[in-house]
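Quick note: numbers below take in every heavy atom, side chains included, and nothing from hydrogens, waters or symmetry partners.
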Amino acid sequence: MSSRPQLGPKPRLGYTQSRLERAAERRPDDAALARLAANAQAGAYVIGGELIVIKKATPLNEPLFTLDEARALGPTGETVFLGLLGSAGRFGVGIQPASAEALKARGDEFLVTDLRSIAVHGLVDNEHLPPIAEAKAVLNWHLRHRFCPNCGTATQAVQGGWRRDCPSCKAEHFPRTDPVVIMLAVAGERCLLGRSPRFLPTMWSCLAGFIEPGESIEDAVHRETREEAGIACGRVVYFRSQPWPFPSSLMIGCHAVALTHEIVVDRQELEDARWFSKDEVATMLMRKHPDGLTTPPPVAIAHHIIRAWVDNEIGFD
């Protein structure tokens with residue numbers, strides 16, 4: 001009988017299950033957005049490049065500001081309409097990254113840190129993570145797309161921050177999401193995990209890679225697994241997805257049947273890759289591995305892909 005430890009209740013996947021209604025039909029109506037912004041119930045998340053500004057509080061920090069409070073923190077860039085929580089408007093306000101760094105250096109009533117740290121360490125209530133991720137992704141898109149790629153003219157933000165228009169060639173530009181496959185190749189009671197040089201020294205995770213133009217999800221899973229680890233895969237089963245605002249990706253989680261077993265690591269992509277037994281992976285999920293090996297934290301979809309396999313929730317029949 002297996003001595004596999006009990007993993008306990010399933011954690012929540014980070015940046016998902018948003019309570020906001022995006023209310024896209026409100027975006028073209030400047031007057032309606034102005035009324036929402038003027039309402040006393042309106043709230044804003046403050047983003048300065050890669051940094052998020054939140055108010056220090058007990059027992060949990062407060063990431064929501066009034067719009068006046070947000071705009072008083074420093075010179076602002078774009079303001080993005082995120083959606084509605086009930087009848088209350090929610091917005092993302094971009095401040096200059098230098099202003100966020102200055103607030104961080106002050107270290108008084110504000111906690112200024114990156115979104116990964118907020119999510120991993122539970123620095124705010126979980127309900128705030130999806131709209132903060134939404135705000136960060138769209139505001140960072142604005143920072144990177146101020147000029148028209150067709151003619152080079154400075155563009156203007158419209159529709160509540162969800163489009164940039166070129167006044168010269170009249171092109172319309174929209175935020176983009178980059179699709180990424182992240183997959184666990186399995187062979188019976190073993191799975192394939194890899195290590196990126198960027199990982200913490202103990203961590204092993206799923207393989208992943210961007211989907212290329214003209215490529216299906218299944219083809220991308222086959223290609224990336226073969227390129228990074230030399231493993232050929234057959235059937236691919238979709239698991240679930242996760243927005244990943246670093247800067248703006250959609251992680252598409254999958255499990256795949258491994259058809260070959262000899263690993264050939266692409267050292268340009270991975271530091272290492274190897275097969276793990278299901279029992280060993282269970283100890284990694286529980287942080288009880290004898291050598292201290294771990295999987296990614298629950299905020300990341302890789303944790304959930306791996307756990308679903310350990311929990312025998314994935315079938316290929």
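- Atom CZ of Arg19 is surrounded by 12 or fewer heavy atoms from other residues, nucleotides or ligands within 6.0 Å.
- Here the CZ-CG distance, from Phe81 to Asp30, works out to 12.0 Å after rounding to the nearest 0.5 Å.
- Using cut-offs of 30° and 60° for the angle between ring planes, the Trp275 and His261 rings count as tilted.
- The closest donor-acceptor contact from the side chain of Asp114 to the backbone of Ser117 lies under 3.5 Å.
- Here the closest heavy-atom approach between residue Asn61 and residue Val124 is recorded as O-CG1, 4.0 Å.
- Minimum interatomic distance between Pro297 and Met203 (heavy atoms only, all atoms of both residues): CD-SD, 4.4 Å.
- None of Arg146, Arg164, His173, Arg163 except one satisfies the side chain to side chain donor-acceptor pair (under 3.5 Å) rule with Thr155; the exception is Arg164.
- Considering CD1 of Ile52 and CG of Leu111, their distance stands at 11.0 Å, rounded to 0.5 Å.
- Thr202 OG1 to Leu293 CG: the interatomic distance, rounded to the nearest 0.5 Å, is 7.0 Å.
- Because its NZ or CZ atom is both nearer than 6.0 Å to the ring centre of Phe246 and within 45° of the ring axis, Arg116 counts as a cation-pi partner of that residue.
- Using a 4.5 Å heavy-atom threshold, the side chains of Tyr15 and Val299 count as touching.
- Residues Leu192 and Thr225 are in side-chain contact: their nearest non-hydrogen atoms beyond the backbone lie under 4.5 Å apart.
- Under 4.0 Å is where a charged nitrogen must lie from a carboxylate oxygen, and between Lys136 and Glu50 at least one such pair does.
- Between Thr295 and Arg287, the closest side-chain pair of non-hydrogen atoms falls below 4.5 Å.
- Counting heavy atoms from C-beta on, the side chains of Gln159 and Asp165 never come closer than 4.5 Å.
- Proximity of Ile301 to Cys206: side-chain heavy atoms (C-beta onward) are nowhere separated by under 4.5 Å.
- Note: the hydrophobic cluster containing Phe65 also contains Leu51 (ILVMFWY, side chain heavy atoms under 4.5 Å, direct or indirect links).
- Taking all atoms of both residues into account, the shortest heavy-atom contact from Ile231 to Ala258 is CG2-CB, 3.9 Å.
- Side-chain atoms of Pro245 and Leu115, non-hydrogen and from C-beta on, do get closer than 4.5 Å to each other.
- Residues Met284 and Met183 fall into different hydrophobic clusters, defined by Ile, Leu, Val, Met, Phe, Trp and Tyr side chains chained together at heavy-atom separations under 4.5 Å.
- Sorted by first and then second residue, the ring pair (Phe, Tyr, Trp, His ring centres under 6.0 Å) pairs involving residues 136-159 (not counting sequence neighbours) are Trp141-His145.
- Linking Ile, Leu, Val, Met, Phe, Trp and Tyr residues whenever their side-chain heavy atoms come within less than 4.5 Å leaves Tyr45 and Leu60 in two separate clusters.
- Residue pairs that meet the ring pair (Phe, Tyr, Trp, His ring centres under 6.0 Å) test with at least one member in residues 194-216, sequence neighbours left out, are Trp204-Phe276.
- Looking at His255 and Ile305, their side chains come closer than 4.5 Å, going by heavy atoms from C-beta outward.
- By the 4.5 Å heavy-atom criterion applied to side chains, Leu193 and Ile306 are counted as neighbours.
- Judged by distance alone, with hydrogens and angles left aside, the side-chain atoms of Ser196 form a donor-acceptor pair with the main-chain N or O of Arg198 at under 3.5 Å.
- Considering CD of Gln96 and CG of Leu143, their distance stands at 7.5 Å, rounded to 0.5 Å.
- Side-chain rings of His304 and Phe239 stay apart, their centers remaining 6.0 Å or farther from each other.
- In this structure a side-chain-to-backbone donor-acceptor pair under 3.5 Å is missing from Arg71 to Thr66.
- Residues Val186 and Val236 fall into different hydrophobic clusters, defined by Ile, Leu, Val, Met, Phe, Trp and Tyr side chains chained together at heavy-atom separations under 4.5 Å.
- Look at Glu134 and Arg90 and you find no salt bridge, because none of the NZ, NE, NH1 or NH2 atoms lies under 4.0 Å from a carboxylate O.
- With hydrophobic clusters built from ILVMFWY side chains whose heavy atoms lie under 4.5 angstrom apart, Leu13 shares a cluster with Ile118.
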